[in-house]
Each structure stands twice: as C-alpha cells, then as structure tokens.
Amino acid sequence: MHKTHHLNHRQALVYGATLLPVNTFFKLYLRDQERAQQKVNRRQGMMGGPSG
C-alpha cells in the first residue's frame with residue numbers, strides 16, 4: 001500500500017509562500033511579453049510590414 005505524503009499546515013504555508021512570488025513573476029512576465037508583441041504588431045502595421 002502506497003502512503004501518500006500530505007503537507008502539514010506549516011509546510012503548506014511555506015510551500016505556498018514560496019510559490020506565490022514565482023507565480024506572480026510569471027504572470028507579470030507573460031503580460032509584459034504580450035504587450036511588447038502588441039507594440040511590434042502595431043509598428044509593423046503602421047510601416048506596412050508583412051501581413052499575415
């Protein structure tokens with residue numbers, strides 16, 4: 001019988017507190033990448049760049 005490992009309350013808090021900044025970083029990073037891509041797309045549109 002395989003015993004599943006469960007975090008106790010303190011371990012769960014530490015784990016969550018460790019992951020939260022990482023999660024936040026990725027959300028902000030991806031949002032920034034998306035905005036940069038939109039800028040590039042707009043710039044190409046103005047210059048008559050490749051469409052499609």
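Hydrogens, waters and symmetry mates play no part in the numbers below; they use all other heavy atoms, side chains included.
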State yes or no: do Leu7 and Leu19 share one hydrophobic cluster built from I, L, V, M, F, W and Y residues joined by side-chain heavy-atom distances below 4.5 Å, directly or via other members?
yes
Rounded to the nearest 0.5 angstrom, the CG-CZ distance for Leu20 and Phe25 is 14.0 Å
Leu13 meets the side-chain contact (heavy atoms from CB on, under 4.5 Å) criterion, sequence neighbours left out, with His9
So the side-chain hydrogen bond (donor to acceptor under 3.5 Å, both in side chains) pairs with at least one residue in residues 20-37 (sequence neighbours excluded) are Gln37-Asn41
In short, Val14 meets Thr18 closest at the heavy-atom pair O-OG1, 2.7 Å
Residues Asn8 and Gln11: closest non-hydrogen pair is OD1-N, 2.8 Å
